Amino acid sequence: MRRKVIAGNWKMHKDLNETQSLVTKLSNALSKEEVKCDVIICPPYTSLSEASSLIKDSVIKLGAQNMHFEEKGAFTGEVSTSMIKSVGCEYVILGHSERRTVFGENDEVINKKIKKALASNLKPIFCVGETLGERESGIMKDVIKRQVTDGLQQVSKGEMEKIIVAYEPVWAIGTGKTASPEQAQEVHVFIRELISEIFGNDTAENLIIQYGGSVKPDNAHELLSQNDIDGALVGGACLEADSFTAIIKSV
Ligand code: PGA
């Protein structure tokens, strides 16, 4: 059985005070529960150091929402892997659809970031997913195949074992429209098959594939009950301790 991994992507929400309040509430709530999955929070850069201190004695692990693929240099506004590691990050979200669509990151850039993260001993949460137009015009699988194969160029089998893949249909992110458990399951199986073709069956079988896109306390259990859904990448519902805890408890 693969372990389940629930991650919260805070996006551009929560200043320092709000971070203190949310992380304190969350770690208190989780300390009273038997947590049956891995829990990761990904606050904005400005809150990472504070969140890292606040989660020290809890089960919660820390991730960043992005990073640059160069080690250092004249890259105004960017943050390196050693910087996010120095504030306690173990994980980094890469290839999120908002990075792809709003900030113009393509598969080649995402691949460079994945390789840099792995070389820096960070675990990527690698996001892929189709738009509504791509799904409706029947090219969903081609798009996901391209994102997976191009994003993972020159990644070794050993490195692949450190990656979490998140399937996030773009049309379900922040829209309140969730993929049905069957729709998500179908794509998760497809992703596992792609990974099996590239890296072999054992790597594919052990791969954690999260679903993301309007995961809420009331749909989490059904999604997470599917065979190939190994966790969730949660946006909106991770911004309140109650709803994020409810999702974690639904595992
Ligand atoms: P959402 O975001 O849960 O608000 O749809 C998910 C994500 O973008 O990772």
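The shown structure was predicted, so the numbers you read here are calculated from the model rather than taken from an experiment. Numbering of ligands and ligand atoms starts at 1, following listing order.
The Ser214 neighbourhood of ligand 1 comprises atoms 1 (P), 3 (O), 5 (O), with distances under 4.0 Å to a heavy atom of that residue. Close approach of ligand 1 to Asn9 (heavy-atom distance below 4.0 Å) involves ligand atoms 9 (O). Set against the non-hydrogen atoms of His96, the atoms of ligand 1 under 4.0 Å away are 7 (C), 8 (O), 9 (O). Contact atoms of ligand 1 toward Ala172: 5 (O) (distance under 4.0 Å to a heavy atom of the residue).
The nearest protein atom to atom 4 (O) of ligand 1, hydrogens excluded, is given as Gly236 N, 2.9 Å; this is a heavy-atom distance. With hydrogens left out, the protein atom closest to atom 9 (O) of ligand 1 is Glu168 OE2, 2.6 Å, a heavy atom. Counting protein heavy atoms only, atom 3 (O) of ligand 1 is closest to Gly235 N, 2.9 Å.
For Arg2 and Glu205, the salt-bridge test passes: some basic side-chain N is under 4.0 Å from an acidic carboxylate O. With respect to the salt-bridge test (charged N to carboxylate O, under 4.0 angstrom), the residues Glu105 and Arg99 qualify. Note on Lys116 versus Glu71: salt bridge recorded, some NZ/NE/NH1/NH2 to OD/OE distance being below 4.0 Å. The existence of a salt bridge linking Arg3 and Asp230 is excluded, since no basic side-chain nitrogen approaches an acidic carboxylate oxygen closer than 4.0 Å.
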Could you pull out every donor-acceptor pair under 3.5 Å between side chains of residues 244-251 and any protein atom, sequence neighbours left out?
unit_1: Thr245; atom_1: OG1; unit_2: Ala241; atom_2: O; d: 2.5
unit_1: Ser250; atom_1: OG; unit_2: Ile247; atom_2: O; d: 2.6

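By the neighbour-count criterion of 12 heavy atoms within 6.0 Å, atom CD of Glu78 is densely surrounded, having more than that number from other residues, nucleotides or ligands.
Using a 4.0 angstrom heavy-atom cutoff, Gly213 counts as in contact with ligand 1. Using a 4.0 Å cutoff on heavy atoms, Lys216 does not count as a contact of ligand 1.
Of the polar atoms of Thr175, none of the N or O atoms is found under 3.5 Å from an N or O of ligand 1, judged by distance alone. Looking at Gly174 next to ligand 1, an N or O pair under 3.5 Å apart turns up.
Just one of Glu186, Arg135, Glu134, Glu130 meets the side chain to side chain contact (heavy atoms under 4.5 Å, CB included) condition when paired with Lys141; it is Glu186.
In this pair, Tyr167 and His188 present their aromatic rings perpendicular. The plane angle is above 60°, beyond the 30 to 60° band.
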